[in-house]
*Asks:* 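My questions all concern the structure below.
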Amino acid sequence: MLDKIKKATKSWLFLVLMGLLVLSFAVWGIGDIFRGGVTNEVARVGSDTIYAQEFEQRFRNEVQRLSQDSGGLVDTAQARAFGVDQQVLSGMINRSALAQASSDMGLAISDETLNRAIVTNPAFRGTLGQFSKQTYEELLLLNNLTPVQYERGLRQDMRSEQLIDAIIAGSTVPRKMAEAFYSYAGEKREIEYLLVPPDLAGPIPSPTEAEITAFYDANTALYRAPEFRSFSYFLIEVEALKDEVDVTEDELREIYDFEPDRFAEPELRTVQIIPFLTEEDATAAKQDLDSGLAFEGVAEARGFTIEEITQENVQAFEILDERVAAAAFNMEPDTVSDPVNGELGWAIVRVTDIEPRVQQTFEEARATIEDELQTEGARELLDDLYNRADDELSGGASVEEAAARLGTQAVTVTAVDRSGNDKFGDRVPGLPENAGAILAQAFTQEIGEEGELFDSRTDGFFSLRVDEVTPSQIRPLGEVRSDVIEAVTKQKREDALKAITDSIVERANAGTDFAELAAEIGRSVLRPEAPLTRDTSGETFSSTVVGRLFAEQPGTFVEGPVGFGESRMVAVTRNVIAPDLEADREQVDALHEELKNRTAADIADMYVSALR
C-alpha cells in the first residue's frame, strides 16, 4: 500500500534510499531480532541510532506488502532468504545519512510546502477526486503509521530530496553517447545461412564402456538426486467443508430479495462531458448547439478532442462529479443536456449509448447464492476446527490422532522431492493439487517435529510431521546408465555435426563459394524473411549464432546451434543496416533522457555511499 503513496512522489531520493545494499556499514543484531534476542540497536549512522523495534516494524510492513502484491503468504523466513531485511535496513541507513547531511547544511521544508505535498498526493484523494482527510488517515493506519510519524518522515525525505536534487543538478550525458547506444542496439543485419541437420552426422557408434564411465565421472552433477522426504499430514479446507453446510430455500430467497443489485448487470452508458468554467460559457455553448453546431465542434472550441471528453460504458459512480452523473443517467440516448451546475464546475452532457440493466432471475442466481452461503458456513466450521486442532496438538496428540478426532484422515506421503515428484519425476499420490505450502513446510521442518498448524494458502490449514529424510546424493551409474548412454550418443552426434560446420566455416572464410559448399552436403543457402536484430532468438536462430554474427564483420562466416533442436547452422552477414537517427529522433531522445536519469542516479548513489 505504501507503493501507492510513493507513486506520486517518485524521485532520485527514493531510488537512492532503496537501491543500495549494505556493503560496508557496521550492522549487528539483525538475526537476534527474529530469534527473540535482546539486541536493541541494529545500526548506528553518525549520531543516529536505528533501533530493533523500528527496523522490525518496517521489515514486517514490507513483508506484508510483498504478500499483498504476490497474492500469497510471504513469511519472514522467505523474505529474509531473498534479502528483504537487508534491503529494508539499507533504506533506513541511507535515509538517516541523507537526513543528517541535509540537516547539517541547514536545509528545511516549510509547513506550507509539506501540506501542499500531502493534499496534492493522488493516493489521498477521496471519491470526489480531492484530498480527503479520512482517506489520508485510513491509508496511514493500514500501514501502521500515524499522521505525525508520516509527516515527520515526509518532511525528512523532502529535505533530503532537496540535497540530492542539488547534487545531480549538473549531471549530463552527451547526445552522441545516446546516438552510439541507439545505433548499436538498433543495428540490423541481412544474412544467409545453411542448416546442417543431425542425420548428416551419419550412424553414431554405440559408446564404449570407457566412454560411458568417463562421461559419468565428468558430469556427476547431472545425475544428482534431489533431497526426498516422507511425511504425514492432515489438511482441512473450506472447499471440503461446504457439503456439510445446509442452506434452506428461505435463506436463498432472503439474500436474493435483499440484494437484487448483486445479481444484475448494471446499466452502462457512454457519455460525453464538456466542462466549462462559468455558467455564461455553458449557456452560450448550449445556444450554439441548439442553433445546429455539432457537439464535436463545441468541444473542439473548448480545446478538447472528442476522445478526451468521452467515457465509454461507465456506471454512474464512475463519473467523478455526482451531479453530472445524475444528469447523464436521467437522459434519453442521443440527447444533449442543458447546462449542469456540477460539484466541480459547469458542464454539458451528451449520452450516445445505453446498455440497459439486466436482472438475473432467482433460479439463475441460485447457484451463486448457495455457494456463497455454503462458503460462509464452511469458514465458520473451519474456525471451529482450527481451534479444536490447536487444542489437540497442544495437548500432545499426534498428527494421526488429531486428524481422527477432527473427523478427517492423516495422509502419508512417501519419498517426495520439493516439487512434489518421486524419483522418476512422476507426481506423488496423496498430495492436493495446490500443495506448495505443504511441501515448503515439509522441507523446512525438522524430522519428528509436530504440534503446529500452518496456513495452506488455499483457504484452509494443515499440520504435518516429517518421518524420513533422504539427503541429496549422486545416483549410481547403474541407475542412470541409459541416460548416460543417451547423453554420450548425443554428444558424439553434436561433435560430428560441429566438425562438418567447422569445415564449412573454414573453407567459406578461405573463399570457397557458400552455395557450392551447401550443395556438397545436399543443402541450400537460405535467407530469413526479415533482417536480424541483436535480440533475435527463436526456433531457427539461437542467441549464440546471433551474437557471433553481430560480433564479426560482414562476410565472415560463423557457426553454432539452432534455436531449437539438434541441428547446427553456418551463417554470414551480407549487409549491415544502421538505424536512421533522424527518422528515429523521438526514440533517441527518449534513450538520451534515460541515460541522463541513470547517470544522475549513479551520482546520487555514490554520494550516499560516501556519506556512509
*Asks:* Just grab all the salt bridge (charged side-chain N to carboxylate O under 4.0 Å, His left out) pairs involving residues 100-124, residues at least two apart or on different chains.
*Replies:*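 Qualifying pairs: Asp111-Arg155, Glu112-Arg116.
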*Asks:* With no hydrogens and no angle check, do the side chains of Ser132 and Arg125 hold a donor and an acceptor under 3.5 Å apart?
*Replies:*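 Side-chain D/A pair, Ser132 to Arg125: absent.
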*Asks:* Does a donor on one side chain sit under 3.5 Å from an acceptor on the other, for Asp281 and Thr278?
*Replies:* yes
*Asks:* Kindly indicate whether the side chain of Val469, heavy atoms from C-beta on, has any atom under 4.5 Å from the side chain of Glu227.
*Replies:* yes
*Asks:* Hey, what's the ring geometry for Tyr136 with Phe124, parallel, tilted or perpendicular (30° and 60° as the breaks)?
*Replies:* perpendicular
*Asks:* Are the side chains of Arg548 and Glu552 in touch, meaning some heavy atoms are under 4.5 Å apart?
*Replies:*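 Arg548 vs Glu552: side chains apart.
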*Asks:* Val576: what forms a side chain to side chain contact (heavy atoms under 4.5 Å, CB included) with it, not counting sequence neighbours?
*Replies:* Glu187, Arg189, Pro554, Thr573
*Asks:* Hey, are the side chains of Glu300 and Thr305 touching, using non-hydrogen atoms and a 4.5 Å cut-off?
*Replies:*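 Not in contact.
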*Asks:* Ignoring hydrogens and angles, tell me if any N or O in the side chain of Ser90 forms a donor-acceptor pair with the backbone of Gln86 under 3.5 Å.
*Replies:*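 Not at all, since once roles are kept as given, no pair shorter than 3.5 Å links the two residues.
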*Asks:* For Tyr386, what residues pass the ring pair (Phe, Tyr, Trp, His ring centres under 6.0 Å) criterion, not counting sequence neighbours?
*Replies:*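 With sequence neighbours excluded, Tyr386 shows a ring pair (Phe, Tyr, Trp, His ring centres under 6.0 Å) to Phe461, given in chain and number order.
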*Asks:* Hey, is Arg229 close enough to Asp417 for a salt bridge, meaning N to O under 4.0 Å?
*Replies:* no
*Asks:* Donor-acceptor pair, distance only, cut-off 3.5 Å: does the side chain of Gln445 make one with the backbone of Glu449?
*Replies:*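 Such a contact is found between Gln445 side chain and Glu449 backbone.
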*Asks:* Using atom types as modelled and distance alone, determine if a side-chain donor or acceptor of Arg95 lies under 3.5 Å from a backbone N or O of Gln156.
*Replies:* no
*Asks:* Quick one: side-chain hydrogen bond (donor to acceptor under 3.5 Å, both in side chains) partners of Arg269, sequence neighbours excluded?
*Replies:*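 Glu267.
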*Asks:* Going by the angle between their ring planes, with limits at 30° and 60°, are Phe55 and Phe59 parallel, tilted or perpendicular?
*Replies:*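 Because their plane-to-plane angle is under 30°, the rings of Phe55 and Phe59 count as parallel.
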*Asks:* Looking at residues at least two apart in the chain, or sitting in another chain, which of them share a salt bridge (charged side-chain N to carboxylate O under 4.0 Å, His left out) with Glu54?
*Replies:*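 In terms of salt bridge (charged side-chain N to carboxylate O under 4.0 Å, His left out), with neighbours along the sequence ignored, Glu54 is linked to Arg58.
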*Asks:* What residues, two or more places apart in sequence or in another chain, satisfy salt bridge (charged side-chain N to carboxylate O under 4.0 Å, His left out) together with Glu372?
*Replies:* Arg262
